[in-house]
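Since the structure comes first, as structure tokens, the remarks are kept for the end.
Start at 1 and go down the list; that is how both ligands and their atoms are numbered. Values below: all heavy atoms of this structure, side chains included; hydrogens, waters and symmetry mates excluded.
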Amino acid sequence: MTEQEKRILTIIEEMTLDEKVAQLVQLAPPFFEGAANEGQITGPMAAIKVNKEVVRNSGSVLGTSGAREVIHIQRTHLKNNRLGIPLLFMADVIHGYRTIFPVPLAIGCSWDLELAEKSAEIAAKEAAISGVHVTFAPMVDLVRDPRWGRVVESTGEDPYLNSQFARAFVRGFQGENLQNDFDRVAACVKHFAAYGAPEGGRDYNTVNMSERQLRESYLPAYKAAIDEGCEMVMTSFNTVDGIPATGNRWLMRDLLRDEWNFDGVLISDWGAVKEMIPHGVAEDEREAAYKAIQAGVDIEMMSACYIHHLKELVESGWVDETLIDEAVFRILRLKQKLGLFEHPYRGADEKREKEIILCEEHRQAARELATKSCVLLKNEGVLPLNRDKKIALIGPFAQSGDILGPWSCLGSKDEAIPLYDGFKMKVDPSLLLVAKGCDIETTTEKQWQEALDIAREADVIVLALGEHSDMSGEAGCRADIRLPRVQLELISELKQFNKSLIAVLFNGRPLDLHGVVDQVDAVLEAWYPGTEGGAAIADLLFGDANPSGKLTMSFPYSVGQIPVYYNCFNTGRPKDAPDAQERYVSQYLDIPNEPLFPFGFGLSYTTFSYSEVVLSSDYMTPDQPLSISVNVTNTGKVAGEEVVQLYVRDIAGEVVRPVKELKGFQKVFLQPGETKKVTFTLTEEQLRYYHSDLQFTSDAGTFVAYIGPNSRDVMALTFKLVK
Ligand code: GLC
């Protein structure tokens with residue numbers, strides 16, 4: 001035990017039971033004396049009755065920031081707290097604090113781990129100088145259902161890719177040493193676990209799956225974040241095998257703490273302790289408190305079960321006080337790791353706020369990542385745009401600042417660059433016409449006519465369409481994932497002008513793009529591109545940057561296909577089998593099995609060719625990895641980046657194995673005519689999987705390696721694992 005940890009034990013010995021219990025309580029700013037604002041409310045504000053004593057002894061605050069505000073609350077708290085224990089300040093700094101980066105689903109499509117890490121580092125810096133100590137990020141929930149609104153916060157459907165991004169975000173947020181580097185914040189990986197798999201894609205709904213599937217697909221990214229040193233874990237709202245995560249002792253004690261050796265702080269999600277009552281595993285708040293503390297939840301966020309019942313549970317012998325001491329110890333140790341005992345105001349600094357927040361360097365980083373995160377889904381020779389042509393920019397997002405996404409912390413729509421402003425950086429205003437044509441879901445005769453008038457006058461029509469940012473995000477689920485009808489009608493009306501039609505999409509989920517991709521000449525998926533969104537998209541549309549984004553989530557052909565994901569099972573009657581029958585195969589009568597756009601898909605303004613794939617051998621062993629190489633050539637006229645992807649299939653496992661699994665990727669930048677050799681090294685560890693007895697091992701046997709620009713258009717080579 002370190003000297004610092006011994007000091008914590010000394011503090012705990014001096015604490016009364018009331019003080020210990022209050023340390024496990026997290027409250028919103030309004031509870032604190034002199035708080036200037038109510039902070040960010042991101043959940044149901046239940047009436048929480050706590051007395052002044054509890055506030056004086058509480059352990060943390062969520063949802064507030066700003067150096068002046070944090071210093072004021074902290075100073076007041078330290079005056080009132082008997083032992084001078086500082087507060088932890090936590091906030092949802094998901095993809096930017098005030099300089100907002102693209103939403104995580106977009107960042108995932110960049111396949112750029114360095115830029116992802118950089119975005120988290122910048123977010124941490126702006127947050128830390130504004131007094132934030134912990135961010136409730138990264139969200140690493142794997143998602144295969146775009147109806148679920150929080151897909152926008154994820155990096156998609158692949159366990160390996162999500163794990164890589166989880167690590168990058170934790171590194172960016174936390175850096176190397178939180179005690180000395182006050183420009184970083186502690187990260188909190190969420191939502192543990194499998195929150196991204198609710199039945200029907202409906203938020204907070206039941207999650208039901210085998211432990212094997214949980215371990216194989218849904219847990220790896222949380223484990224990656226923890227292995228990268230993530231200081232905190234947040235419980236999820238959903239059940240895991242019939243028990244709400246927040247009271248699930250197997251999940252939180254056996255797996256998270258014992259098997260994974262996580263010894264950091266475990267915080268509930270908003271009100272999730274009390275929600276064990278409506279879930280139906282607790283009769284009242286007392287039982288909810290009992291189950292949560294037994295599961296090892298250290299901090300109760302925004303409900304008061306702990307504060308109302310833990311003391312009595314200890315005094316009546318239901319809960320051993322050592323469980324409370326453990327939780328207090330972990331919380332105080334995190335405060336110590338952040339240097340808060342010696343520096344309770346840590347990085348909070350009004351002067352630096354003014355100098356650093358939204359500085360040009362940060363905006364440029366956001367612009368670069370946004371250009372890498374957009375995905376070119378279609379281009380029938382109409383992009384890049386010609387700067388001498390008259391352009392009509394039409395749609396609800398033409399001049400909208402609603403391009404930050406639903407979790408944009410202190411990001412302001414007024415500080416965002418709308419698409420129209422981005423266009424004005426590129427072309428003479430006399431060549432640029434703009435009209436809304438419609439709002440997100442409605443239109444007026446005037447709006448409609450204005451759009452038709454400028455379309456008539458223009459050479460090229462660029463449509464800026466999509467979902468309002470509150471149509472995704474928490475509790476933002478949709479059963480119909482098409483663009484709103486009025487926008488589809490606008491497309492078909494404008495198509496009648498027989499002019500080049502380009503659609504730029506601002507949305508928080510994979511959409512059913514029928515009525516869009518079949519109607520227009522080009523589609524750029526921009527997601528919510530962040531503060532510099534309009535500038536980044538203009539860079540791409542006018543060719544000052546070349547699209548390189550690749551989808552990290554399948555775009556369904558229709559909502560009826562969901563869940564549709566690339567790493568699926570083959571079934572016993574695959575439709576594409578050589579001897580497949582007409583009828584008795586796994587298929588729909590009315591739509592294809594394949595998604596509209598597959599995982600890993602994205603176009604460029606140039607083209608790339610792949611040489612024959614070469615294997616170092618036709619077999620590998622645990623001691624002899626396999627080298628897999630391919631030459632990639634830029635066969636077009638402009639420089640561009642390609643994401644070369646390696647997938648593997650285990651032809652016959654002890655349990656069914658996916659038809660493909662991403663095992664590696666490399667981004668290569670190529671000048672026109674340039675060729676680069678791309679080599680992957682595949683190890684036996686990468687072929688391991690959970691067997692029916694949950695052993696994580698590999699089997700000797702036959703495998704197929706696939707290489708290509710996406711999960712569909714691949715070259716295959718067979719090899720064996722010999723053991
Ligand atoms: C919300 C979200 C969670 C967020 C927390 C604090 O309900 O589920 O992701 O971090 O509350 O705002």
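Contact annotation for Met139 and ligand 1: no heavy atom of the residue comes within less than 4.0 Å of the ligand.
Which parts of ligand 1 touch Phe237 is read off a 4.0 Å heavy-atom cut-off, strictly below it: atoms 7 (O), 8 (O). Here is the list of ligand 1 atoms found below 4.0 Å of a heavy atom in Arg150: 2 (C), 3 (C), 8 (O), 9 (O).
At least one heavy atom of Met234 sits less than 4.0 Å from an atom of ligand 1. Not a single heavy atom of Glu153 lies less than 4.0 angstrom from ligand 1.
Residue nearest to atom 10 (O) of ligand 1, selected from Asp141, Asp92, Leu62: Asp92 (by heavy-atom distance).
Between Asp269 and ligand 1, a contact under 3.5 Å exists for at least one N or O pair. Residue-to-ligand polar distances place Lys190 within reach of ligand 1: an N/O pair is separated by less than 3.5 Å. Residue Trp270 has no nitrogen or oxygen atom sitting less than 3.5 Å from a nitrogen or oxygen atom of ligand 1, judged on distance alone. Considering backbone and side-chain N/O atoms, Trp407 never comes within less than 3.5 Å of an N/O atom of ligand 1.
Judged purely by atom type and a 3.5 angstrom limit, Asp298 has no side-chain atom pairing as donor or acceptor with the backbone of Arg330. Between the side chain of Asp145 and the main chain of Gly196, no donor-acceptor pair closer than 3.5 Å is present.
The pair Asp92-Lys190 meets the salt-bridge criterion, with a side-chain N (NZ, NE, NH1 or NH2) lying under 4.0 Å from an Asp/Glu carboxylate O. A salt bridge is defined here as a Lys NZ or Arg NE, NH1 or NH2 lying under 4.0 Å from an Asp or Glu carboxylate O, and Asp284 with Arg286 fails to meet this definition. Note on Asp263 versus Lys337: no salt bridge recorded, every NZ/NE/NH1/NH2 to OD/OE distance being 4.0 Å or above.
Taking the ring centroids of Trp270 and Phe136, they lie at or beyond the 6.0 Å cut-off. A ring-centre distance under 6.0 Å is found for Trp111 and Phe599.
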